[in-house]
Amino acid sequence: MREPGAATKAAPGSIGRSMATGGLKLASVMKSYPTGFRLGPLDMEVGPGITVLVGPNGAGKSTLMGLCTTLLDPESGDILVNGISTRSRAGRTAARAKVGYLPQEFRLPRRATPSQFLHYVAWLRRVPSARRQARVDQVLSSVGLTGRRDERIARLSGGMKRRLGIAYALVHDPEVIILDEPTVGLDPQQRLQARKVLRTIAEECAILVSTHLVEDVQALADRVVVLDEGQVRFHGSPQSLIREGDGSGDASDSPMEKALSRMWTAEK
């Protein structure tokens, strides 16, 4: 059954953190809906670097990301953010301070400038006032928007707005970053720029990225999680996934496309 709410169709600069050693851990996590859709139970980890989450529409990606951001509560199991359990209210509050989240759909204040917007977000996320200016400067540099810091957001291109969204997820110096379709709606050049930003950030954080673009998987993934019908079908390196798909799929498909095609059909 399909996940509720699923569609029917398918940088220079440093952010100033030392290499992350933690990440996300899901232990026997399960979430079900009255429709009959059930995610899990899942046991998986998202460590330093980029973990790319892929799956057909209705696989459970949105539910999984909602659980990892604590926007949804599991009905069983536990989610740990850098070792902090989210079972309790206090644990969820502490975990949220360590997570940066960019949803697929987000709205930006058109009349504000990137600098003004990020200062406001930093205040909301309780970045100390003494550190706020430096932090805003760092993330603007990381996403390549220093030169546009004082321009109205309404005048930025789609790619710049998406990079500003990434800066929004980074401004409070999180240790875990969760990005839902961060390159959606971008042209090829804009996607390339966004990927460069993410690869730079990945040197210092644990990142979970959801995407439906095979080229994003190929360009970004240190690890791949393949989700289908609420279950993890694969969790490992891109190279291991490609080996599993060897010889399958259309002759014109890339090795990654063949591997993912095999995953979709193997369990049907």
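Note that the coordinates shown come from a computational prediction; the quantities given were computed from them, not determined experimentally.
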### Query
So does Y168 have more than 12 non-hydrogen atoms from other groups sitting under 6.0 Å from OH?
no
### Query
Around R191, counting heavy atoms of other residues, nucleotides and ligands shown, do more than 12 lie under 6.0 Å from its CZ?
yes
### Message
For P182, run the side chain to side chain contact (heavy atoms under 4.5 Å, CB included) check against L198, V197, I177, I207 and tell me which one passes.
### Response
L198
### Task
Please name the residue in the list T69, T70, V176, V46 that meets the side chain to side chain contact (heavy atoms under 4.5 Å, CB included) test with V81.
V176
Exam field: side chain [X] to backbone [Y], donor-acceptor pair closer than 3.5 Å:
{"X": "R125", "Y": "H172", "result": "no"}
{"X": "E45", "Y": "L26", "result": "no"}
{"X": "Q193", "Y": "Q190", "result": "no"}
{"X": "R223", "Y": "G47", "result": "yes"}
{"X": "K31", "Y": "G40", "result": "no"}
{"X": "D222", "Y": "I50", "result": "yes"}
{"X": "R92", "Y": "R87", "result": "yes"}
{"X": "N82", "Y": "G23", "result": "yes"}
{"X": "R135", "Y": "L170", "result": "yes"}
{"X": "T86", "Y": "I79", "result": "yes"}

Side-chain touch [X]/[Y], heavy atoms, less than 4.5 angstrom:
{"X": "S240", "Y": "F234", "answer": "yes"}
{"X": "R131", "Y": "D173", "answer": "yes"}
{"X": "V217", "Y": "T211", "answer": "yes"}
{"X": "V224", "Y": "L53", "answer": "no"}
{"X": "L118", "Y": "V139", "answer": "yes"}
{"X": "R96", "Y": "V99", "answer": "no"}
{"X": "L140", "Y": "P114", "answer": "yes"}
{"X": "L64", "Y": "L39", "answer": "yes"}

### Message
Quick one, E215 with R195, criterion side-chain contact (heavy atoms from CB on, under 4.5 Å). Give me CA distance, side-chain angles, the key distance, then yes/no.
### Response
CA-CA 10 Å; E215 59 196 84; R195 291 182 195 126; 3.0 Å; yes
Verify same cluster id: [X], [Y] (apolar side-chain graph, 4.5 Å):
{"X": "M65", "Y": "M30", "answer": "no"}
{"X": "L102", "Y": "V184", "answer": "no"}
{"X": "I153", "Y": "L145", "answer": "yes"}
{"X": "L220", "Y": "L213", "answer": "no"}
{"X": "L179", "Y": "L186", "answer": "no"}

Suppose we screen for salt bridge (Lys or Arg N to Asp or Glu O under 4.0 Å). Which residues come up paired with [X], at least two apart in sequence or across chains?
{"X": "E75", "result": "none"}
{"X": "R152", "result": "none"}
{"X": "D137", "result": "R149"}
{"X": "D187", "result": "none"}

Considering all heavy atoms, the nearest [X]-[Y] contact:
{"X": "P174", "Y": "A169", "result": "CG-O, 3.3 Å"}
{"X": "I178", "Y": "C68", "result": "CD1-CB, 3.6 Å"}
{"X": "F106", "Y": "R162", "result": "CE2-NH1, 3.5 Å"}
{"X": "D150", "Y": "S115", "result": "OD1-CB, 4.1 Å"}
{"X": "K61", "Y": "V54", "result": "CD-C, 3.9 Å"}

### Query
Do NZ/NE/NH1/NH2 and the carboxylate oxygens of E203 and R199 come within less than 4.0 Å?
no
### Query
Going through the distances and angles, do D78 and S85 end up as a side chain to side chain donor-acceptor pair (under 3.5 Å)?
CA-CA 7 Å; D78 194 13; S85 170; 2.7 Å; yes
### Message
Using the rule given for side-chain contact (heavy atoms from CB on, under 4.5 Å), can you reason through S142 versus T200, listing the C-alpha separation, both sets of side-chain angles and the distance that settles it, and then say yes or no?
### Response
CA-CA 8 Å; S142 291; T200 299; 5.9 Å; no
### Query
Could you state the interatomic distance from NE2 (H235) to CE (M44), rounded to the nearest 0.5 Å?
5.0 Å
## Note on the structure
dist L164:CG -> K161:NZ (nearest 0.5 Å) comes out at 10.0 Å
### Message
Please evaluate residues F117 and L108 with respect to the criterion side-chain contact (heavy atoms from CB on, under 4.5 Å), reporting the C-alpha separation (whole Å), side-chain torsions for both, the decisive distance (0.1 Å), and the verdict.
### Response
CA-CA 8 Å; F117 171 61; L108 294 167; 3.5 Å; yes
### Task
List for me each residue that meets side chain to side chain donor-acceptor pair (under 3.5 Å) alongside T183, sequence neighbours excluded, and say none if there are none.
D216
### Task
Please lay out, stage by stage, how Q133 and H119 fare under the test side-chain contact (heavy atoms from CB on, under 4.5 Å).
CA-CA 7 Å; Q133 182 65 59; H119 270 280; 3.2 Å; yes
### Query
Members other than W123 in its cluster, when Ile, Leu, Val, Met, Phe, Trp, Tyr link by side-chain heavy atoms under 4.5 Å?
Y120, L124
